[in-house]
Protein chains: 2
Amino acid sequence: MTRKSEDAGRSTIRDVAARAGVSASTVSRVLGGVYPVSASTRTRVLRAVRDLDYVADARAKAVAGVGTPTLAFVLEDITGPSFAHMAHGVEREARRLGHLCLVCTTEGDVQHEVDFVEMMRAQRAAAVILVGGSADTLEYRERTRRMADSLASAGSRLVLCGRPPLGPGAPVTVIEYDNEGGAYALVAHVLAQGHRRVLFLGGKPDHTTAQGRERGYLAAHRARGVEPDPALVLHGDFTRDSGHRLIRDALKQRLEFTAVVAATDMVAAGALTALHEAGLDVPGDVSLAGYDDIPFARDLHPALTTVHVPYEELGRLAVRTALGRTPENPDEHLLLGTHVVVRNSVGPAKS
Amino acid sequence: MTRKSEDAGRSTIRDVAARAGVSASTVSRVLGGVYPVSASTRTRVLRAVRDLDYVADARAKAVAGVGTPTLAFVLEDITGPSFAHMAHGVEREARRLGHLCLVCTTEGDVQHEVDFVEMMRAQRAAAVILVGGSADTLEYRERTRRMADSLASAGSRLVLCGRPPLGPGAPVTVIEYDNEGGAYALVAHVLAQGHRRVLFLGGKPDHTTAQGRERGYLAAHRARGVEPDPALVLHGDFTRDSGHRLIRDALKQRLEFTAVVAATDMVAAGALTALHEAGLDVPGDVSLAGYDDIPFARDLHPALTTVHVPYEELGRLAVRTALGRTPENPDEHLLLGTHVVVRNSVGPAKS
DNA sequence: AACGCCATGGCAACCGGTTCCCAAGGGGGA
DNA sequence: TCCCCCTTGGGAACCGGTTGCCATGGCGTT
């Protein structure tokens, strides 16, 4: 028994070679499958492989340049339904294209993100996909730009998925969905039902996803000749509790509104519960709309009118464009459309 | 310019060494940090590292035995809320313990699972965590046993998380939650409200998670001296649509029941919508309970009475026991408890 | 001033594979 | 029967790191 074969049972290609009475190169060739090897040799080698339960070390193969490529995926929190769907799209497409898929959640910690990207550069990941909105500050742009350059110089690629783009010249692939357009269409639908005082439950003020949806809210008002009341634009975050709290407080201060547009379905869910708790009927007393079209939206009562975002498609596209990128078309920027899903939570305004 | 340094900008440790005028070993030692190196040499090396934007290849380090350990995580579909929470727990704990986290979704395809596990063996993953219930057939046990042995022989470890255990002797770590106990407590609560005809919306008949919950349903009846009507035990899957369809059909056939217990909250959500569509009040006409306590449960209307399962804790525990395993205590089997969360969807039976 | 120790850094082996290049041997055609 | 080609398989270099071992040289000590 050799030294290696007693080490936790992991056997090397040389162990196999010794057992089959051939050289390591021959074993490699049998396993590779392309190089011509005589039937008897092949049989002996395969038998030794089975006897030792041998599998070639993937890391060693990677060093030699024939490994399975890897792709990394960074998000804030995988338990959010829309994040989960993007993750699903990414994972599916990565698998379809023969890539392994590393995942990292940051829980909002910027330093985690930077560290992880650096680690992925060391791993020689084919691409790193950053998912989810962010504050679009100068610091954000510089930091992200550094990550992009660093990955690019290592032959890898940064993909921004639903994240603020970096301006021209950055070696980045950007896939966004149209937050402003979706919110515009949704709010236009609400206004068309006669509502004039529409409460907007937004996210963090500097978060670009929240900003886009807020812009759509404002633009829809102006397009209809309604000047939006700044007091009706509230800020929280994208959690269920935020929606719940915002509505409870708004009702407590006797803020007047006949409809609520939430920046996400999660927020809408909390808002709905708060409205119910206050004894209000939806949509009889107050209309409510969400954003994201998470699967649960149609099981709320009333079923939630919302904006459908093709999250899974987004994830798939991120992978496809990142990996299928051609040298002559290096920097892609895609904007995916959304559409309003009309259900039962928005009704005519009480006159 | 050397051959390497023009290759996509990736520079090797030898490039750095040449630029700093030292040998590769010195560069390695400077970066390693433990070996004593003179200040001037260190400065020159670090400068060369910065100039070339060098990062040591993680795969090469791994081959040399000093890489970042990796852990793999296999589930059917990450978009399910309970799966997502387990994934979150796994990822957090893996990160805390300094492990990278590979993820694979199988979409129910057994062959994918087998192939992926084999791939993880090649990757020398520290552990592979299989998540989610499964049919507990002989084929399942043999297949899973093979995976466990194969991983164990490679110094790795198979973890079954919410999956049927394999019986004694298998090199496996098992973390389960108490499906039967949770369902028992939940159904006992429903029966205590006076309900006698409780519809059970189960999963696939051979799926162990579904079976456990069904057993709890039956046991709670018997404990109360109520003989459960077999016609009230329905089978579908764990999707929202399944719950919706099952209730619609049950109502169409004029099945009599005063309460519904769904095998998951997703199923309960679909069921709730179907009940509403039929004009039934919950819990006035029919009581409803779920299982899993997903975040949305409290935003359903009425807020869903359900069983809380510590999914995130489960994921964390799976990682911790798999990695922290000691040689003298190799095979752990943990059973996590659950508890009923009483909300508003279960009321007294109409007499 | 000589000696010895320790700080420093290079050489080479090793991790576990792949693949280029070449040698040997067998079989078929002339 | 001889020669040539093609099939087959081995040796060694390489991928990009780490680390054991050893040589060197500067310093302090006696």
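Within every chain, numbering begins at 1; the chains are lettered A, B, ... in the order of the sequence lines, protein sequences first and strands thereafter.
Smallest separation of non-hydrogen atoms from Met147(A) and Glu113(A): CE-OE2, 3.6 Å.
The side chain of Thr26(B) sits closest to dG9(C) out of dT8(D), dG9(C), dG10(D). Considering only side-chain atoms of Ser28(B), the nucleotide from dG17(C), dT19(D), dG9(D) that sits closest is dT19(D). Nearest nucleotide to the Thr41(A) side chain, out of dG9(C), dT19(D), dT8(D): dT8(D).
For the pair Arg121(B) and Asp53(A), the salt-bridge criterion is met [side-chain N within less than 4.0 Å of a carboxylate O]. Under a 4.0 Å N-O distance rule, the pair Asp51(B)/Arg47(B) qualifies as a salt bridge. A salt bridge links Arg145(A) and Asp149(A); the closest N-O separation between the charged side-chain nitrogens and carboxylate oxygens is under 4.0 Å.
Residue contacts for Val63(B): at a heavy-atom cut-off of 4.0 Å it reaches a base atom on one of the strands shown. Using a 4.0 Å heavy-atom criterion, one finds that Arg59(A) contacts no nucleic acid atom at all.
Both Val37(B) and Ala64(B) sit near DNA chain C, but only Val37(B) has its closest nucleotide nearer the 5' end. For the pair Leu31(A) and Tyr35(A), nearest-nucleotide mapping onto DNA chain C gives the more 5' position to Leu31(A).
Rounded to a whole Å, the CD atom of Gln123(A) is 15 Å from the P atom of dG16(D). For the pair Lys61(B) NZ and dC14(C) C1', the interatomic distance rounds to 17 Å; values are reported in whole Å. Remark: C1' of dC15(C) and CZ of Arg124(B) are 12 Å apart, rounded to the nearest angstrom. Rounded to an integer number of Å, the gap from CD1 of Ile13(A) to P of dC14(D) is 19 Å. Rounded to whole Å, atom P of dC21(C) lies 13 Å from atom CZ of Arg29(A). With rounding to whole Å, Arg10(B) atom CZ is found 15 Å from dG17(D) atom C1'.
Contact annotation: side chain of Ser25(B) to base of dC11(C), donor-acceptor pair present below 3.5 Å.
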Please report the C-alpha distance between Glu176(B) and His333(B) in whole Å, then the side-chain angles of each, then the deciding distance to 0.1 Å, and finally whether the side-chain hydrogen bond (donor to acceptor under 3.5 Å, both in side chains) criterion is met.
CA-CA 8 Å; Glu176(B) 286 183 288; His333(B) 187 148; 2.9 Å; yes
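Distances shown here put every side-chain N or O of Thr12(A) at or beyond 4.0 Å from the OP1 or OP2 atom of dC15(C).
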